[in-house]
There are 2 protein chains.
Amino acid sequence: MKDRYHHGDLRHDLIEHAIQIISENGFEQLTLRGAAKQCGVSHNAVYRHFESKEQLIDTCRMYVTELLTAYLEDAVKDQEPASPGTLRELSRAYVRFYLEHPTYFSSLYRNSPVKLQLTMEDTEENYPPFELFRKSCRSWAEARGRSDAECLDLLARTWSLAHGLTSLLISPNVEGTLDWEQCLDTAFLQETGV
Amino acid sequence: MKDRYHHGDLRHDLIEHAIQIISENGFEQLTLRGAAKQCGVSHNAVYRHFESKEQLIDTCRMYVTELLTAYLEDAVKDQEPASPGTLRELSRAYVRFYLEHPTYFSSLYRNSPVKLQLTMEDTEENYPPFELFRKSCRSWAEARGRSDAECLDLLARTWSLAHGLTSLLISPNVEGTLDWEQCLDTAFLQETGV
DNA sequence: CGTCGAATGTTGACAGTGGCAACATCGGGT
DNA sequence: ACCCGATGTTGCCACTGTCAACATTCGACG
């Protein structure tokens, strides 16, 4: 296995193993030395590819963000952008993603390093999953002649509900069962009146 | 200052300083040795009062939970339990509390060690702030002859919205301003139709 | 093909962390 | 007056992230 001095693609391998550790053992278990060992490499090799542990984590975060974004996009690929169903499917997919990958949740939002633009103007930099929600809100609002303020309000409520519902469902100490899809349905029923 | 061998009430002092460190410098900065030094005491003295760092944190969590609970109770002390306003005031107070003490948020919900009972039956052990929401939901639902399922649904949506909105507002990388009280108003308007 | 610099890995060290064990000091009940 | 338990201290350990110095390999250029 470890017959060469050089690893080949250590950077990639490190990310893979880091993600796997987070995914299997939780975020707190991620260790530079542990990840390095799993890659069959000595601890300081990490620093040839990442400046610090935090930067490795950032990279993992980006990776997970891409997974989530793709997951969300796939969930609404057949929807009319301005239909009421799009926003609901986005919310559902958001919750579902973290139910399938619970350990990603804390790693992504720890210290909330995610950039969110709470405005309806287009901006260059925004957290991509949030951007999907924002665009969907705008499509929906524009098709109905709603103001920017109403739209922003809708965006905040939708995102908060999806995010809050997720953190509620993810929590390891929650007992009882909740029909969370029904929850979202109720909310969107109230919203759209349909 | 440090003329006596024994501290007097080290346990209490440790909690105070730990809370202060979390409050001022953020959760990650809390260190057993640091807190001990601030109390003018050598590092291992902590272990005469707490089994581990995690247990000290747990105790701080309880302290903050009591603060939050009192804050919530105070916010609705003049409300009719079954009035639509109660649930809204609870939500507002929940968000307001963490806007006033942002650093408490991550310390309370890190690893989500909070016990939540997602049922409408009375249980002995439940996270007190959540219990306030639950009781308020039940009062509201019973006064209107709603089913337990509808009530649980309301509870989940209300809690999720408050919690999600908070985490959205707390996030250090959020730009733009949001009228979060209006957000809550909209949601409760949809809910109650009033 | 040979050489040399840049990229990549390794070893060793350091300070800081949580936690354990053994010892020191105090204070209250007999 | 004594002594035992509660409380604090010192010293140590394994582990962590990070830095510096050294080793190996790859690839571009002659």
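- Across C/dG18, C/dG12, D/dG17, the shortest atom-to-atom separation from the side chain of A/His43 is found for C/dG12.
- Taken to the nearest 0.5 Å, the NE2 atom of A/His49 stands 10.0 Å off from the CG atom of A/Asp13.
- Note on A/Ser42: a base of the nucleic acid sits closer than 4.0 angstrom, heavy atoms only.
- Here C/dT17 presents its C1' atom at 13 Å from NZ of B/Lys37, a figure rounded to the nearest Å.
- Between the CG atom of A/Leu30 and the P atom of D/dC15 there is a distance of 17 Å, given to the nearest Å.
- Side chains of A/Glu100 and A/Tyr71: a donor on one and an acceptor on the other come within 3.5 Å.
- Nearest nucleotide to the side chain of B/Leu10, out of D/dG8, D/dT18, D/dT25: D/dG8.
- Aromatic pair B/Phe130/B/His163: centroids not less than 6.0 angstrom apart.
- For the pair A/Gln29 CD and D/dC15 P, the computed distance is 14 Å after rounding to whole Å.
- A donor-acceptor contact shorter than 3.5 Å links the side chain of A/Thr103 to the backbone of A/Ser23.
- If you take CG of B/Leu14 and P of C/dG18, they are 12 Å apart, rounded to a whole angstrom.
- In this model, a donor atom of one side chain and an acceptor atom of the other lie less than 3.5 Å apart for A/Thr86 and A/Ser83.
- As rounded to whole Å, 11 Å separates atom P of D/dT16 from atom CD1 of A/Ile21.
- Judged by distance alone, the side chains of A/Glu131 and A/Asn126 do bring a donor and an acceptor atom under 3.5 Å apart.
- Listed by residue number, the members of residues 46-60 of chain B with any heavy atom below 4.0 angstrom from DNA chain D are B/Arg48, B/His49.
- Taking atom NE2 of A/His12 as the reference point, atom C1' of C/dT8 lies 18 Å away to the nearest angstrom.
- The base of D/dG17 sits within donor-acceptor range of the side chain of A/Arg33, with an N or O pair under 3.5 Å.
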